[in-house]
Amino acid sequence: MAQTKVIALTGNQAAAEAMRQINFDVAAVYPISPQTELMGFFAEYVANGEVDTEMVAVDGEHSALATCIGAAAAGARTITASAGPGIAYMVENMYVASGMRVPMVLLDVNRALSAPLSIHCDHADSMLTRDTSWISIFSENAQEAYHNIIMAVKISEKAMYPIIVNYDGYIVSHSIEDVEILDDQTVREFVGPSGLHRIPYPLLDVDKPVTYGATAQPDYYTECKYQQHVDFLKVYDIVREVFDEFGEITGKKYDFIEEYKTDDAEYIGISMGSSFGTLKDAVDRLREQGKKVGAVKIRLFRPFPVKELAKALSKAKGVAVLDRADSFDGIGGPLFKDVATSLIQNENRPYLHNFIYGLGGREVHEEEFIKAFERLERLEKGIDTRENFVEYLQVRE
Amino acid sequence: MATATDKSMREIRWHGRGGQGTVTAAKMLASAAIIRGKHGQAMPEFGLERSGTPVKVSTRISDHYINTRAPVDNPEIVIITDPSLMFTIKNIIKAGTDENTVFIVNTNFPPDKVRKILEIPNNELWLVDASKIALEEFGRNIPNTAVLGAVVRATGIVDLDAMKQEITEAFEASSKLRALLPQNLKALERGYEEVYKAE
């Protein structure tokens, strides 16, 4: 088992520590709150010679990702990080990265999108990346962010798909908590050495020259996308494999979803990111009152854990999906749509309701989640009625 | 305040002004508890960071892993690092408190004046002139280390040695702060010695 030590770190400090231990070859970045501090910490490691990373300060997030794509195609172990509008600016190149099948890590320190301008947390930025065929993992706290970054390197390189590690801006990035850190050697052995051998077709292989991201005419574009489609579904097994291997080394066993008191639960709340701990506390409070409630956290967001979720919700009477972003389209927030679709093959489908919460850094309290459970139960029992299955949980009207 | 699900939970809320080290102090308190093997959490209220504006920070310490990421709404302990806030944001400082809330205030006011301003006739109240200590020890009104000394003494939430260890590690890790370590350790000790419980 690995050597560990528990220290007090913010999410950004924990992420920078993972980056130091992994010792990426290239980091191309542009600063944006709440990611700026993370790269500040990492820049110190670079300046102090504690890592071998070539840190490239670029003129914007679009260029940051373009730089990473070039570096990763050449065979470098590559990382970038951003937040909110920075992610939005990256999106065009995100499709390029996954289409070219280059592995790399993107840290999304989740932030709202403008307008109105907000530097604070919600998941709107990450929802822009839903359809980019990047693997996407959400972290509840600094500990998970740290672990996820280490696992992400390996997942991405095995799958030959880029990967996003999400952690909530400020709530995780700027808050301190106890984090169990692995020793450097364990991390370096786990991710393995960097180098061209990791890449099936490195750009810089002069004996076997290749072209990346070339044009595809109508006669081949579909086939390219179909290969991407088929291969992206193989990511499930790769993620499982890496999670298991990490569990053997560290004793910390992760799964696509985390279930909390769902075994006999009649009503289940689903969330992602930092709110899940608060949701668990809400479940505990309601359990003390004899309510059979539970909670599910989505850890692997892309590809979506359809089977695991369908099983976890198969016995529930009602499910409240808590979305930290809105789709503004009349058919529910992004997570709600995914959950609803996941249940399409279940014989007994639970009553579904969608709550939008925590937008632009709105503080989330246990009491609000308790209200959400109570509303769900009343709706499911027909005591309350609803005009729409999408409701805002914390709004002042 | 111990919560329904965790009887060992201690919940603290800090009120200060940007630039006085309040966020740092809240984090150092959690870190000192983590040094002693406890679980700790410190979350700033995430406003725009500007010098001089009021800042609110939550610290939680527990024997168990802390699930919640909500701010502290019903603090067991309220720490005021800038006395002027008692006049300007009294309602925010008092929100969620009751007669059992312990107040620790950086001020040179006498106890009866603080009780009157905050309208806390019977609460446990500790006073320390941490700004004076900071000005005397290192010539700047950054009272956080002196306030931490007072908090250690008033609450016993962590021991003084753990606090010293945390401050030492934090200052030694920073090239900017390293030279100020002895003065801040002195401020911590003076805060511990000079804080007093009001009648």
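Proteins get letters first, then strands, A, B, ... in listed order; numbering begins at 1 in each. Note that the structure is predicted; figures quoted are calculated from it, not measured.
Side-chain polar atoms of B:Tyr65 and A:Asn141 form a donor-acceptor pair below 3.5 angstrom.
Here the closest heavy-atom approach between residue B:Gly40 and residue A:Asp178 is recorded as N-OD1, 3.0 Å.
Just one residue in the list A:Asp168, A:Leu279, A:Ile171 forms a side-chain contact (heavy atoms from CB on, under 4.5 Å) with B:Arg69, and that residue is A:Ile171.
With a 6.0 Å radius and a threshold of 12 heavy atoms from other residues, nucleotides or ligands, A:Lys291 has its NZ atom at or below the threshold. Environment of NZ in B:Lys116: sparse, with no more than 12 heavy atoms of neighbouring residues, nucleotides or ligands closer than 6.0 Å. The number of heavy atoms from other shown groups lying within 6.0 Å of NZ (A:Lys292) does not exceed 12. Within 6.0 Å of the NZ atom in A:Lys253, the count of heavy atoms belonging to other residues, nucleotides or ligands exceeds 12.
Residues of residues 6-16 of chain A lying within less than 4.5 angstrom of chain B, judged on heavy atoms, are A:Val6, A:Ile7, A:Ala8, A:Thr10 in numerical order.
Every residue meeting the side chain to side chain donor-acceptor pair (under 3.5 Å) condition with B:Thr22, not counting sequence neighbours, appears here in chain and number order: B:Thr81.
Without hydrogens or angle criteria, B:Asn67 side chain to A:Asp281 main chain gives no donor-acceptor distance under 3.5 Å.
Side-chain contact between B:Asp73 and A:His365 is present, with at least one heavy-atom pair separated by less than 4.5 Å.
Contacts between B:Ala30 and chain A at a heavy-atom distance below 4.5 Å involve the side chain alone, from C-beta outward.
Under the 4.0 Å criterion applied to side-chain N and carboxylate O atoms, B:Lys27 and A:Glu177 are not assigned as salt-bridge partners.
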